[in-house]
Amino acid sequence: MNSLSNSDKIVFVIYFLIVSSYGYWIYRRKHNADATSKDYFLAEGSLTWWAIGASLIASNISAEQFIGTSGSAFKMGLAISTYEWMAAATLIIVAVFFIPIYLKNKIFTMPQFLHQRYNGTVAMVMAVFWLLLYIIVNLMSILYLGALAISGISGINIYLCIFGLAIFAVVITLGGMKVIGYTDVIQVFVLILGGLAATYYGLGELTKNTSDHSLLAGLKTLHNEASDHFHMIFKKDNANYMDLPGLSVLIGGMWIVNLNYWGCNQYITQRALGANLKTARGGILFAAFLKLLMPIIVVLPGIAAYVLHERGMFHQEMLSSKGVIDYNKAYPTLLSLLPSGLKGLSFAALTAAIVASLAGKANSIATIFTLDIYKKAINPAATDKKLVVLGKWSVVVAMGLGVVMSLIIGEQLMGEGKQGFQYIQEYTGFVSPGIFAMFILGFFWKKATSNAALFATIGGFIFSVFFKFLPQFANLAFLNQFGFSKLNEKGVYEIPFIDRMGFVFLLCVIGMFIISKIDEARGVKTNGLEIDASMFKTSRAFTAGALIVGGIIVALYSFFW
């Protein structure tokens, strides 16, 4: 068990005071007693491009990144970086095609888009889906994995860590999106600094007994001793194929994972919806550049921990309570190499990432519940002041539910050798194909009807459950020859969840097309959005930045193929 020295604790307390004081200053400076609900939830018009970009990354890079991604890197290597590098490409697409539609049509929440494009029934069903997803999957996983890491580093009881993270996040969230957005700038700076420190000392440990202690020598040693951990595209005989099935990460379901997360997700797009188009695009482009760098701080530490583990280190520290290797312990275990003081900084960085993500998620939960459920279905006449108060209570209740579930089922779902990051991706994937089909057709096909959208919403979930449990009732060996199934550890042919998402998405699109055509023949009218080609034009600066991002991604995949 690791522990923090007095200097580590001092560094952490200083960080806590800086973030809290800055957040309070922002709140007092920008607070308006008569602020509207949109101002509270969206920080309408007040976030700069760098604040938007930093907030996007700080909210995205949380426990599931530091802990989950490093754990997956320990097991499968650099290939897990595909989530980061494909996300950078996805952000460019979102900035060019999605954000202009939202802003042009004055859309501030995802259920509002569904209500405006389809009808209130679709919007309400999806609002409930999102609330359940955010609380059951996201809040719970962030709280549990974050507390697991903090407990491993500090020696504090994991349950106390869960409560502490929840309270800290609530304090930040109650200030509204302005406080979240601007404190995230500090969070992401400390996050990156602490992550780089973990990578630096992890690589340094690899070359400790050699004459060359440079970073380049550390990277070379890492590659030499774990060459099997430096492939981006897995072949079918790879043990990790079920998690990252070959070319599907480039031309298949990985696009659905990313486009749904970055383009149809209240938690993420909320950062940009209160800004003008130029500012929003600038912030998203900035986030894309930062995503390219993320594997340095969330993937390399996991691979370094793997090599050190193979050398005989961390064998006891990496075990779960039942004696099984717990991949989620890779990153916090590596932090034990850091010197006193710097360990406190990395501890602060990890806490920053967890709290930022919790705060952003809780704010989005409050936004959807308050503006899209309470305001629409329960009390349409509610004043802005009442909505803001209700939003704050929603934050407290949602965080409380997240705490309860992380205490009850967190270890069962994400402990005992399981990859926490993969848990999040797979279970989010039960609803994301249908959601993305509904959004993408809603954007660019005016004939898509509300009945078709309802089919994608509910049918997409049913299809996902069907494909998940299909191997228990049918032999899918015939799909093996096409590369869409593989024998799992139980001797059953199973469809990789990323491929499963691709199949469900296609079924949802086909179903929406058929239903919309039937509705069209019946004379059902649709609510189109205001779209014109000029919306998608970009500035020269943005285009140049996007091309640089794209070029770097192509170069990375070519080098590590």
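- Put simply, the side chain of Val299 does not reach to within 4.5 Å of the side chain of Ser70, judged on heavy atoms.
- The backbone N or O of Leu319 sits less than 3.5 Å from a side-chain atom of Lys329, completing a donor-acceptor pair.
- Aromatic ring centroids of Phe286 and Trp50 lie 6.0 Å or more apart.
- Nearest heavy-atom pair, Leu56 versus Ala287, reported as atom, atom and distance to 0.1 Å: CD1-CB, 3.9 Å.
- The shortest non-hydrogen separation linking Val249 to Gly246 is CG2-O, 3.2 Å.
- Contact record, His213 with Thr210: CE1-O, 2.9 Å, taken as the closest heavy-atom pair.
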**OP:** Report the C-alpha separation of Thr221 and Asn224 in whole Å, then their side-chain angles, then the decisive distance to 0.1 Å, and conclude whether the side-chain hydrogen bond (donor to acceptor under 3.5 Å, both in side chains) test is met.
**Re:** CA-CA 5 Å; Thr221 301; Asn224 290 340; 5.6 Å; no
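- A cation-pi arrangement is present between Arg500 and Phe430 under the rule of less than 6.0 angstrom and at most 45 degrees off the ring axis.
- No donor-acceptor distance shorter than 3.5 angstrom exists from the side chain of Asn238 to the backbone of Phe234, with no hydrogens or angles considered.
- In this structure, the separation between CG on Leu4 and CD1 on Ile10 is 11.5 Å, given to the nearest 0.5 Å.
- The shortest non-hydrogen separation linking Leu203 to Leu219 is CD1-CD2, 3.9 Å.
- By the 4.5 Å heavy-atom criterion applied to side chains, Ile284 and Ile99 are counted as neighbours.
- Closest heavy-atom contact between Asn328 and Gly68: OD1-CA, 4.2 Å.
- Proximity of a side-chain donor or acceptor of Asp8 to a complementary backbone N or O of Gly341 within less than 3.5 Å is detected.
- Here the two rings, on Phe347 and Phe12, have centers that are under 6.0 Å apart.
- Residues satisfying the ring-ring contact (aromatic ring centres under 6.0 Å, His included) criterion with His223, sequence neighbours excluded, are Phe230.
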Criterion side-chain hydrogen bond (donor to acceptor under 3.5 Å, both in side chains) on Ser151 and Tyr159, from CA distance to verdict:
CA-CA 9 Å; Ser151 176; Tyr159 301 122; over 6 Å; no
**OP:** Walk me through it: do Tyr306 and His229 pass the test ring-ring contact (aromatic ring centres under 6.0 Å, His included)?
**Re:** CA-CA 9 Å; Tyr306 167 78; His229 275 51; 4.0 Å; yes
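- Leu285 has its side chain out of reach of Leu91: every pair of non-hydrogen atoms, C-beta onward, lies at least 4.5 Å apart.
- You'll find the side chain of Tyr83 reaches within 4.5 Å of the side chain of Met254, heavy atoms only.
- In this structure the side chain of Tyr327 never reaches within 4.5 angstrom of the side chain of Ser72, judged on heavy atoms.
- Minimum interatomic distance between Ala198 and Tyr331 (heavy atoms only, all atoms of both residues): CB-OH, 3.7 Å.
- Inter-residue side-chain proximity for Tyr144 and Ile158 is flagged as met; some heavy-atom pair is nearer than 4.5 Å.
- Side-chain N or O atoms of Ser141 include one that pairs as donor or acceptor with a backbone N or O of Asn138 at under 3.5 Å.
- Atom CG of residue Leu401 and atom CE of residue Met140 lie 12.5 Å apart, to the nearest 0.5 angstrom.
- Side chains of Leu78 and His231 form no contact here, defined as non-hydrogen atoms less than 4.5 Å apart.
- Counting heavy atoms from C-beta outward, Trp85 and Ser81 have side chains that approach closer than 4.5 Å.
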